[in-house]
Amino acid sequence: MNTENFSLSEQIVSPSYIRQGLQARRTHEHLIRLLIEKRKCPEDGWDENTIELFLHELAIMDSNNFLGNCGVGEREGRVASNLVAQRHYRFMHGIGRSGDIAAIQPKAAGSSLLNKITNSIVLDILRVAGVRTVSSCFVVPMATGMSLTLCFLALRHRRPKAKFIIWPRIDQKSCFKSMITAGFEPVVIENLLEGDELRTDLQTIETKIQQLGAENVLCVHSTTSCFAPRAPDRLEELAQICAKYDIPHIVNNAYGVQLSKCMHLIQQGARVGRIDAFVQSLDKNFMVPVGGAIVAGFDDVFIQEISKMYPGRASASPSMDVLITLLSLGVNGYKRLLKERKEMFTYLATEMKKLSEAHGERLLETSHNPVSLAMSLKRFHKDNDKAVTQLGSMLFTRLVSGARVVPVGSEQIINGYTFQGFMSHTNSYLCPYLNAASAIGIKKQDVDLFIKKLDKCLKTLLKEKRIPGTEMEIGTEILGKPEDAEMAEWSESVRNSLKVGTDEENHPV
Ligand SMILES: *Cc1c(COP(=O)(O)O)cnc(C)c1O
């Protein structure tokens, strides 16, 4: 309601009440004004009413919601289902124009404003999270892998001769495919084993650049967040090498926004050397559905060049999801989530250490990895890797998601490239192991239940396999104890309800 409508209302309802209503509305509007004026994430989260008021105000600025509008074009923001309209708060036009995802859409002033404001507050959050000098970013409605592809394609125009991408090995398929899809040849740099940890081999990278010739290298493609025992890449040194040879540097920061260590590495890399863009997942860092990523960097011109690579218009959904999320959390809410995550990481590490030692294993020493932990499964190794995979299946059947068992020496061929020891980031790691991570949103209850289930699975397996060195070596009866019987019964019922196979049939990777 505007002031005119408010004064008219005073003829119907007592003016003092109407003025109170007007005052109340102004407090919501004040928050909206601050947002548009400062274009920063609010310190404190907004209530849902203010967020919805803001979204409705924006949506009625789009032509599909104009009263009396007649559309005679091929794209008029029409939707058949009201459920779909509601799901999108009646924003139908998406973002961008045919030639640039960041451009203003004339048919949709509200969506355009939403897009610009989202990009501004996301930039603010990247700064709050530790990359203080980031100067430009945009949300792109594609997950991380495709967004990396977009960056490589943008670089092609700057370096038409270059064919190769130098890539310190990380065993995650989408990172690898992002380069293949863009049409480049990955030059895989094996990691160095330092203690238990796998770290960037800087010497080999520099030698490779010299061998290939700097002008033939499109970029160095490094990674921060990753599964232990791999550590985040040595970003400072890589950034210096890139500066020295005048080679672009693209960083895959998939779930690194939530990790102050990774954000610090990016900030330092940009300070002492060269980082052209860093890419992060929306869902992994901001607790929204899968579908978006943020491309960010320190040079506005280059980031704009990437946004101009995107052909056509794009979905506004990921932008709207992250906007709603950040407005409802506020800076303080987001910081609280980061703090809780860090505390849970310490807790998970303590509990996994205890558990692994109780089973004659150990928590691998991976002090540079701030998010993922690995515990050895060396006693399972004797039984080939079958027991290791079986453990993975057992955890999966018992509704433990995200835990990952890694056998040694499993071979995988991806796009014609053969990876020895795939999943372990190296040809042959010291022993099989199990990964668990403490990522944003994790609760103590997740850790406790995971440890309990893992403990039970390990006991059952060791007994079944009669793996030596355990007090259960002599026992042959598997369902001897009530807790095992209960466990077996339960997993049977889960299997039935989910229609999944037995532990042996399942080999989730
Ligand atoms: C999640 C992730 C990706 C990208 O996966 P998308 O499904 O494309 O978002 C890439 N690299 C790493 C290290 C990841 O964790």
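Just follow the structure's listing: the first ligand is 1, and inside any ligand the first atom is 1.
Counted by atom type alone, Thr133 and Gln267 present one or more donor-acceptor pairs between their side chains at under 3.5 Å. Using a 3.5 Å distance cut-off with no hydrogens or angles, the side chains of Asp448 and Tyr347 do pair a donor with an acceptor. Remark: the Lys284 side chain and the Ser225 side chain contain no N/O donor-acceptor pair separated by less than 3.5 Å. If you check the side chains of His157 and Glu305, you find no donor sitting under 3.5 Å from an acceptor. For the residue pair His93/Arg313, the side-chain donor-acceptor check at 3.5 Å is satisfied. Inspection of the Tyr245 and Glu206 side chains reveals an N or O donor paired with an N or O acceptor under 3.5 Å. With 3.5 Å as the limit, one finds a donor-acceptor pair spanning the side chains of Asp233 and Thr200.
For ligand 1, the polar-atom distance check against Ala143 finds no nitrogen or oxygen pair separated by under 3.5 Å. Taking distance alone, with nitrogen or oxygen atoms compared against 3.5 Å, Tyr255 stays at or beyond that limit from ligand 1. Residue contacts with ligand 1: Ser174 is placed with a nitrogen or oxygen under 3.5 Å of a nitrogen or oxygen of the ligand (distance criterion only). The shortest N or O to N or O distance between Thr144 and ligand 1 is below 3.5 Å.
Heavy atoms of Lys284 found under 4.0 angstrom from ligand 1 belong exclusively to the side chain. The side chain of Ala254, and not its backbone, has at least one atom closer than 4.0 Å to an atom of ligand 1 (non-hydrogen atoms only; side chain from C-beta on). In Cys226, neither the side chain nor the backbone holds a heavy atom less than 4.0 Å from any atom of ligand 1.
Of the protein's non-hydrogen atoms, the one nearest atom 8 (O) of ligand 1 is Gly145 N, 2.7 Å. If you check which protein heavy atom lies closest to atom 11 (N) of ligand 1, you get Asn252 ND2, 2.9 Å. Here the protein heavy atom with the shortest distance to atom 13 (C) of ligand 1 is Ser225 O, 3.7 Å.
In this structure, Ser281 falls outside the shell of residues with a heavy atom less than 4.0 angstrom from ligand 1. Within the structure, the closest approach of Met142 to ligand 1 does not fall below 4.0 Å when heavy atoms are considered.
Under the side chain to side chain contact (heavy atoms under 4.5 Å, CB included) rule, Thr223 has a single partner from Gln172, Arg230, His425, which is Arg230.
Atom numbering of ligand 1 starts at 1 in the shown order; those under 4.0 Å from a heavy atom of Cys175 are 10 (C), 11 (N), 12 (C).
Classification of the Phe176-Phe419 ring pair by plane angle, with boundaries at 30° and 60°, yields perpendicular.
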